[in-house]
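These notes are about the structure you will find just below.
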Amino acid sequence: DWLINKGVSPSDASYFVARSYLSMVQDAERDCRDPKRFDDLIEEQTPGGLNEQALKNQEKQGVFGAYEKSMDAVLSRIQGKSNGSLP
């Protein structure tokens, strides 16, 4: 929706998002059994680049903390401890 709200056609927005996810998955899949692989991917970012800036902005907004809470809630549901909902 963000891309469409910025004037990108729905077709182009869908294509861009799908290709972006495909690229991320392909990068992550290479050497995926190596526990340091994701750290290596982060280190490959251009210092001061757009990806680094986006991640820093997301961190400042608490995105990663919210993701962790969401995953904890899902795990709690899987374990039968809750319905998985957050307050």
### Query
Say you draw a straight line from CG of Asp31 to CZ of Phe38; how long is it, rounded to the nearest 0.5 Å?
11.0 Å
### Task
Search all heavy atoms of Lys69 against all heavy atoms of Leu86 and return the closest pair with its distance.
O-CD2, 3.8 Å
### Summary
Here the pair of heavy atoms bringing Ser82 nearest to Ala73 is OG-O, 4.2 Å
### Query
Below 4.5 Å, heavy atoms only, C-beta onward: do Gln45 and Leu50 meet side chain to side chain?
no
### Query
Just how far is it from atom NZ of Lys6 to atom CG of Asp1, taken to the nearest 0.5 Å?
12.0 Å
#### Entry: For Lys56, all residues meeting salt bridge (Lys or Arg N to Asp or Glu O under 4.0 Å), sequence neighbours excluded
Glu52
### Message
Could you check whether atom CD of Gln79 has more than 12 heavy atoms from other residues, nucleotides or ligands sitting under 6.0 Å from it?
### Response
yes
### Query
So, the side chain of Ser70 versus the backbone of Ala66: is there a donor-acceptor pair under 3.5 Å, distance only?
no
### Query
Is Arg37 reaching over with its side chain to a backbone N or O of Asp27, donor-acceptor style, under 3.5 angstrom?
yes
### Message
Rounded to the nearest 0.5 Å, what separates atom CD in Glu44 from atom CG in Asp39?
### Response
11.5 Å
### Summary
Heavy-atom nearest pair, Ile4 first then Ala13, reads CG1-CB, 3.9 Å
### Message
Using side-chain heavy atoms (C-beta onward) and a distance below 4.5 Å, is Val17 in contact with Leu3?
### Response
yes
### Query
Side-chain heavy atoms under 4.5 angstrom apart, residues restricted to Ile, Leu, Val, Met, Phe, Trp, Tyr: same cluster for Val63 and Tyr21?
no
### Query
In Å and rounded to the nearest 0.5 Å, what is the CG to CE distance from Leu41 to Met24?
11.0 Å
### Message
Could you report the tightest heavy-atom contact between Gln58 and Phe64, atom names first, then the distance?
### Response
OE1-CZ, 3.8 Å
### Query
What is the distance from atom CD of Glu43 to atom NZ of Lys36, rounded to the nearest 0.5 Å?
11.0 Å
### Task
Could you list the residues that satisfy side-chain hydrogen bond (donor to acceptor under 3.5 Å, both in side chains) with Arg33, not counting sequence neighbours?
none
### Message
Nearest 0.5 angstrom please: Glu29 CD to Leu22 CG, how far?
### Response
10.0 Å
